Amino acid sequence: MSFLEIVHVHKRFGTTIAVEDFTLAVEQGEFISFLGPSGCGKTTTLRMVAGFEKPTSGQIVIDGVDVTNMPPNRRNIGMVFQSYALFPNMTVADNIGFGLRIARRPAHEIRVRVEELLRIIHMPEFGRRYPYQLSGGQQQRVALARALAIQPKLLLLDEPLSALDAKIRASLRQEIRDIQRQLGITTIYVTHDQEEAMALSDRIVVMSRGKIEQIGTLFEVYNFPATRFVASFVGTLNQIEATVVDAAIGLLAVEGQQFRIARPLPQHRSGDRVNIAIRPELIALDGQFNSAMNRLSGTVEDVTFLGSIVRVRLRLAANRLSMDIFNNPHLRLPQPGETITVHFAPEACLAPGDDTPREASNAQPLSASAAEAA
Amino acid sequence: MLKRFWPWFWFLVGATYFLVPLYATLDFSLRARRGELSFAAYTSVLNDIRFIESFMFSLQTALATIVVSAIVIVPTAYWVQLRLPRLRPVIEFFTLLPFVVPAVVLVFSLARTYSRTPLTDSREGLWVLLVGSYVILSFPYMYRAVDTGLRSINIHDLTEAAQSLGAGWFTILTRVIFPNIYVALLSGAFITFAIVMGEFTIAALLAQPAFGPYMNRLASSKVYEPSALAIISFALTWAAIAAIQWFGQGAQARVAGPR
């Protein structure tokens, strides 16, 4: 049995379904992120684990104990909020020690634990300050220390970095991961920022409209997206509108240029219009790959230098196609207005009909072409 | 130039309207002895044992009213904001009823309702009725002050943070909510204090030895002392405001939020 089990959990608010058939098993010490757009049910699920919302049906088990109907103050779960939620009337030390005072721990023990946590969050000299005397990043570190002070079974973080600026967000993100590894605490992190989820998590749960779209490691979710939603939400995705030439062999055309995808399209007939998706990094400039792959020619619209990567945007009739090239000082970059040919593997294409959530192992291997090429 | 003139003009009109009667009252209260300015009226008032008794009685009543209304209103306003936001207009309507229902109607209704209970049989019982009436009178001021205070903090997240740390409802209210709406509660308490200290109708009809009826009696039998009493009341009011400002400074800064 896993440390945290969320079994067939549903949540309705009136007639609105917020979470539908959510099932997840989390191992002890694991860092899981719930990733999805606003309103996808990720925070509601987290709140059900915390006990702030009751599931309409289903079961939540933590460390072998069914906590589905247990009030939040008896679950021993640490929670960090987007708004920090530090008690304004208490000093930093009092905030961190609050849970321990509620648990009636001896004063000496509280003092020692508070000092230890202040050291862990690198704020040993801030104990006497009030929350209003701290920056946003400092407040969130205190909130993290306060949640950890009670030695919770589970740490829940609800978009904790959303209110911070980019630089602090990046450093605090690393700090959260370091502390989590150091303490080995099982953690659930809610975010709509895929970069954050990628940087922190052992596994990611991608959610959309109250349902799980895919559960997997970052590698699995990015390279083997179970659905088109996952493919488009995690990473950047090109969408090409193409015409079916031969559905049986997956032959398509865009602007008279034919290309193949890895599987047939039995539900389509010749002449149908379909949308095909391809990741920018799976498209290469002609000449870089030596195997026989799909080739498309287009006009360069824009070239954006992004440091280690150069993003080239092509125009193919009504379609726009972005491709990423690793920066190389010796590389001749295409110029806007120039016509160039790019190529990509049939396996790099995500075809219609990939919208039903599946296990990661059965999913479309978006990275197959790259692996083959290598 | 003209833009600056009119704001100052209206400010001076307002200040004159407020200060001239105050100055007149002060001046009149100092003329108890013919031909000289003296504190004779003040000495007379402060030496009157009935002043001390009625003042202390109203003071106790005001403090009891503040405590009871805080106990009733803070959890109610907190719960309405936290769990029953749709009920907010209904609760607001009820808290405004004391503005609509005259004090005479209120006190007769209370006396009639509780006439066959021990509340109307004893001095203590009548005092309880008096406090109850004042709690109702304080609703519009206390509820609004507390409601505003609760809106200035994120009660949802603070409550959930406290819950996740093991706190029950009583702990949340006493250690998290009350201390963080301290300033708002003080301002509501101050208005309640002022109302109770000067209230006449209910205290008189319940035959209670309060400060309001005392002032009224004094006004009908003395000349300069009522003016002295008005100035004393005014000074006490300002002292109470200063005390609130002084006590509230630190708390206000803490609730102000991140820089």
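All chains are named by letter (A, B, ...) in the order of the sequence lines, taking the proteins before the strands, and each is independently numbered beginning at 1. These figures come from a predicted structure and were not determined experimentally.
- When each of B/F193, B/F99, B/Y134 is paired with B/Y141, the ring-ring contact (aromatic ring centres under 6.0 Å, His included) condition holds for B/F99 and for no other.
- Note: A/F98 and A/F87 have tilted aromatic rings, judged against thresholds of 30 and 60 degrees for the angle between ring planes.
- At a heavy-atom cut-off of under 4.5 Å, chain A is reached by no residue from residues 56-79 of chain B.
- Of the possible donor and acceptor atoms, one in the side chain of A/T91 sits under 3.5 Å from a partner among the backbone N and O of A/D94.
- Heavy atoms of A/L86 lying under 4.5 Å from chain B belong exclusively to its backbone.
- Heavy atoms of A/I150 lying under 4.5 Å from chain B belong exclusively to its side chain.
- In terms of heavy-atom pairs under 4.5 angstrom with chain A, the leader among B/T159, B/N154, B/L165 is B/L165.
- A salt bridge is defined here as a Lys NZ or Arg NE, NH1 or NH2 lying under 4.0 Å from an Asp or Glu carboxylate O, and A/D158 with A/K42 fails to meet this definition.
- The aromatic rings of B/W8 and B/F11 sit perpendicular, their planes meeting at an angle over 60°, well past the 30° parallel limit.
- Ion pair A/E116/A/R119 not flagged as a salt bridge, since none of the NZ, NE, NH1 or NH2 atoms sits closer than 4.0 Å to an Asp/Glu carboxylate oxygen.
- Under 4.0 Å is where a charged nitrogen must lie from a carboxylate oxygen, and between B/E92 and B/R88 at least one such pair does.
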Derivation of the ring pair (Phe, Tyr, Trp, His ring centres under 6.0 Å) call for B/Y143 and B/F94: CA-CA 10 Å; B/Y143 184 82; B/F94 278 114; over 10 Å; no

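- Using a 4.5 Å cut-off between heavy atoms, A/R47 touches chain B through its side chain atoms alone.
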